[in-house]
Amino acid sequence: MPRSTTTGPRHLATVLTTTAISALVLAACGQSAADGESDDTAAAATDGTGGGTITITGVPAEEASALVSKFELLMHVIEEETGHEVEFSHSTDYAAVIEALVAGQADMSIGSPFSYVRAGDQGAEVEALGGRIETEGDEPGYVSYALVPADSDIEGLADVAGRTVCYVDEGSTSGYLYPSAGMLDHDLDPQEDVNAIFTGSHDSAVLAMLDGQCDLAFAYDSMVEVLMPERGELSEDQYKVVWESPLIPASPIYMNTGTLDQETQDVLRRIFHEERLINVDNMVAAGYCEDVESCVLPEDSYEYAPVEDSTYDGIREVCEITQASACTS
């Protein structure tokens, strides 16, 4: 769905547009919560007809209630720089995200490194723009933890045979694929040798463990060390880490070059690669935020730093090791 790009001035109309989009996001999240169902809306929320709107879809690590404010600034910057309205469609299903990209119903995505790799494998023309950096100066990557309650007798993955294990989603990089490789390293099938539960998000996996619904839960490092403690949902005395994955490539933002026109693609490459605008300090300097404290990116990130396709070769290697159904279906 090619579009003509008109680089928009930073004026009142855009502010009003952003407000309207925020309302749409709020409405979408509210409807999901009201329904009590999986918000499997990646494809449904995009009409595929263009109309000048950039649709971002993805499976953020947090539950919908924590999403809205953290995506507003990112959407606003992309709107201002490209001149297009931006809509965000939250999904809890990685497969739906991939299908939307392949079908040309999503223009950008954010979240799982695995969904980026699989979308490309299945024919979507995707290009990585930036990888999530939590703190200034960090390497673009993260790790997965296996957590157990503080008083658990489990000391490592070798002890979980026959126990109940909380994963995130079969398409989650740190919530299933890398943990699966870890389980295989201990001669355990990640589903056949345990009672596997898929909770849909990292924080819900940890909360299920704390609630006694599973003996062990997998979640990525920042969720355990930063996001949940800041919300008062987790403290160090409640758990112990019994396994840590190798470094996982940074969670990406990527675009669908099969749906975006060349001019819009060039603008996105400029702001992510050349100007590194999706960076807290640079957004303050550009006038998008008054100060560092008011610059809030998804998952409390510091920036989305430039990445290349080869950054995600490690994901492809894990798929080769695990032969997980999500990698081959």
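These numbers come from a predicted model, not from an experiment.
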So for atom CD, which belongs to Q323, do other residues, nucleotides or ligands contribute more than 12 heavy atoms lying within a distance under 6.0 Å?
yes
Residue pair E317 / Y312, side-chain donor-acceptor N/O under 3.5 Å:
no
Could you tell me if Y288 and N282 have a donor-acceptor pair between their side chains, going purely by distance under 3.5 Å?
no
Applying side-chain hydrogen bond (donor to acceptor under 3.5 Å, both in side chains), name anything that partners Q238, two or more places apart in sequence or on another chain.
S235
Those residues at least two apart in sequence (or on a different chain) that pass salt bridge (Lys or Arg N to Asp or Glu O under 4.0 Å) with E275 are R270
Between the side chains of S112 and T173, is a donor N or O closer than 3.5 angstrom to an acceptor N or O?
yes
Linking Ile, Leu, Val, Met, Phe, Trp and Tyr through side-chain heavy atoms less than 4.5 Å apart, which residues share a cluster with V102?
I98
Indicate whether any N or O donor in one side chain lies under 3.5 Å from an N or O acceptor in the other, for S144 and S174.
no
Non-hydrogen atoms of P249 and Y178 that approach each other most closely
CD-OH, 3.7 Å
Run the side chain to side chain contact (heavy atoms under 4.5 Å, CB included) test against E236 and tell me which residues pass, sequence neighbours left out.
Y239
Quick one: which residue pairs count as a disulfide bond (SG atoms under 2.5 Å apart) with a foot in residues 224-266, not counting sequence neighbours?
none
Before we go on, tell me: are the rings of Y220 and Y145 under 6.0 Å apart, centre to centre?
no
I'd like to know if the side chain of E134 pairs up with that of S222 as donor and acceptor (distance under 3.5 Å, no hydrogens or angles considered).
yes
Does a donor on one side chain sit under 3.5 Å from an acceptor on the other, for T264 and H84?
yes
Quick one: list whatever passes salt bridge (Lys or Arg N to Asp or Glu O under 4.0 Å) with R269, sequence neighbours left out.
E127, D266
Is the shortest distance from a Lys or Arg side-chain nitrogen in K240 or D151 to a carboxylate oxygen in the other one below 4.0 Å?
no
Side-chain H-bond candidate by donor/acceptor type, Y304 with N279, under 3.5 Å
no
